[in-house]
Amino acid sequence: MIQHLSVKNYALIKELDLDFQSGFTSITGETGAGKSILLGALGLLLGERADLSAIPNKDEKCIIEGHFTLSGLSLESLFEENNWDFEINTVVRREWLPNGKSRAFVNDSPVPVGELKLLGEQLFEIHSQHSTLQILENIEQVKALDAFAGVLPELKIYQLKFQTVKKLESQFFQKRKQIEQNQKESDFQQFLLEELQNFQPVAGEEIDIEQQIKVLSNAADIASSFAKAAYLLSDSELSVINQLNNIKQEIKHFGSISSELQGFIDRIDSLALETKDLGREFDAQSQKTHTDPEQLAQLEQRYNQLQVLLRKHHVNTGAELIAIQEQLSGTFQQSSDLEAEIAELETEITLIWKEVLDLGSKISEKRKASIPSFIDLIQKDLQGLEIPFATLQINIQPIEPHKFGLDEIQYLFSANKGMPLLSLNKAASGGELSRLNFCIRNIIAEKLSLPTLIYDEADTGVSGEVASKLGKMMKKQGEKQQIIAITHLPQVAASGHQQLFVYKSNVGETTETKVRKLSDTDRVVELATMLSGKNPSEAAIANAKALLQQGSVIS
């Protein structure tokens, strides 16, 4: 329910702070005083599109803020789905900056206006004789019947199971699709896998083979050059070893003079040893390097096959080919795993569908059993509201399982004697539909936590005793949910737990819309004015007092 509304710089409202209470609040005032401005502000607060021309002072922000208590409305899941911070006492605010930009907030966290509308639909139901009633929507008709039938707990379980089985079916079809795709690709993938398995790639071989080919291709030159190098190091008359020995003979007698000079001799010895060792290795390399045309051909064939595979798979190394081979092997294992998962899903889906259908059948039976008494109560209330020949029929037909069960539910209505039963949007005038909607809401209010219900002159066309009954019904319904009614009927206004008065103030250079809560004395004067006009007579005042007394009694 709404607890507080503040409006700043909107239409004829310069600044307004208004407290609401639970129960039934009637709102009265002269035509044109600005009652519709309040509804416009609420509509903007809950996601309606703004008309910037309605902001009088373009140099100041327009701010509309509402304080709501969410107790009993079960909106935790809605807040969670939209990543809002849930608080029992929630604040919703919209702002329009001087540059025309707008912002929306829920508990001081910014939200898109579209999401704000989702919240607004759960907080308010606003209708008038010319508005589209929610009860015209099939889902609302189902909700109303389910609330009366008392199947909402079962329906919640049904919806969870229905949602679960639909998700499982989605997974099932995705896995089936993956298997079909795998089957389409399996022949080619099998060929690629076998090709790699036959080739048996080795990590790093692309470099190793290339080096071996280069060595075998240059084997004769390598053997000759290394043999000559070994000869020059050790065996020739002018070999490096002989030269080092000559150098040592030249300087060895100076070694005893200082350690520094001895160091040079030691280094020559070291060079001589390294040179002899290098000569032996050069000779060994020359001996082992020989031409092998057959091995060269094999290496070249392996290298060419490797290059073909690298290009085919768009990679550069043998290690990458190994990874692709493992991936292809895993694909066939994955298909095998998918088959097992699909079999498990089929079993689970079958079991849950049985639960869905069993629970849906029980819900359907309860709905059917509740229809006669539901219709009877609605028709009796309508007769009290001067629609004596109202006839309501609720048809249930079995259809494919859906979010709300196994049934297609349709309300058919006739407001007049001898007229055919038609769907609600074709069957009655706006006033008749408003009264039908009110009767339905009144009946289910005991069984369901309903949002605040706002009537914008929905009592047009009603008068006399019917108006008194309507007012008392609104007050009675106000014991179960918050009711706010903008009305021109004194009988309805008198039934409110509180009465707000909307008026225009012409003090200063501008006209402002203001609202004040009426005291009991003020209510008598206002009701008398509604009955007989300005400067009401004593009779009108006495009549107003009588209306207040009658309105205070809930029959």
Check whether [X] reaches the backbone of [Y] with its side chain - one donor and one acceptor, N or O, closer than 3.5 Å.
X	Y	result
Ser170	Lys166	no
Asp376	Pro372	no
Asp407	Ile409	no
Thr90	Phe86	no
His67	Asn89	no
Asn9	Glu60	yes
Asn99	Lys101	yes
Tyr10	Cys62	no
Thr510	Asn506	no
His497	Phe24	yes

Contact check, side chains of [X] and [Y], non-hydrogen atoms, under 4.5 Å:
X	Y	value
Thr28	Val502	no
Gln122	Leu70	no
Val113	Arg94	yes
Arg103	Leu97	yes
Ile541	Val525	no
Arg367	Asp146	yes
Phe501	Asp522	no

Between [X] and [Y]: side-chain donor-acceptor atoms closer than 3.5 Å:
X	Y	value
Thr452	Gln482	yes
Thr25	Gln498	yes
Asn425	Ser423	yes
Gln481	Gln477	yes

Geometric class of the Phe162/Tyr158 ring pair [parallel <30°, tilted 30-60°, perpendicular >60°]:
parallel

Tyr411 pairs by side-chain contact (heavy atoms from CB on, under 4.5 Å) with which of Ile440, Asn138, Ile378?
Ile440

Carboxylate-amine/guanidinium proximity below 4.0 Å for Glu386 and Arg435
no

Are any of the side-chain nitrogens in Glu125 or Arg441 under 4.0 Å away from the carboxylate oxygens of its partner?
yes

For residues 413-421, please give each side-chain donor-acceptor pair under 3.5 Å, one per line with the distance, not counting sequence neighbours.
from: Ser414; atom 1: OG; to: Asn416; atom 2: O; distance (Å): 3.0
from: Ser414; atom 1: OG; to: Met419; atom 2: O; distance (Å): 3.1

Can the positive tip of Arg93 be found less than 6.0 Å from the middle of the six-membered ring of Phe105, inside 45° of the ring normal?
yes

Return all side-chain donor-acceptor pairs below 3.5 angstrom for residues 32-46, not counting sequence neighbours, or 'none' if the list is empty.
from: Lys35; atom 1: NZ; to: Gly29; atom 2: O; distance (Å): 2.9
from: Lys35; atom 1: NZ; to: Glu30; atom 2: O; distance (Å): 3.0

What about the rings of Phe68 and Phe124, do their centers lie closer together than 6.0 Å?
yes

Mind checking whether Phe438 and Tyr455 have ring centres under 6.0 Å apart?
yes

With a cut-off of 6.0 Å (strictly less than), are more than 12 heavy atoms of other residues, nucleotides or ligands near CD1 of Ile139?
no

Would you indicate whether Lys368, at its atom NZ, is surrounded by more than 12 heavy atoms from other residues, nucleotides or ligands within a distance under 6.0 Å?
yes

Among Arg523, Lys517, Arg516, find the residue that satisfies the side-chain hydrogen bond (donor to acceptor under 3.5 Å, both in side chains) test when tested with Gln499.
Arg523

Identify each donor-acceptor pair in which a side-chain atom of residues 388-399 lies under 3.5 Å from a protein atom, sequence neighbours left out, and give them as a table.
from: Thr391; atom 1: OG1; to: Phe389; atom 2: O; distance (Å): 3.4
from: Gln393; atom 1: NE2; to: Asn395; atom 2: OD1; distance (Å): 2.8

Tell me the closest heavy-atom pair linking Pro490 and Met530, and the distance in Å.
N-CE, 3.7 Å

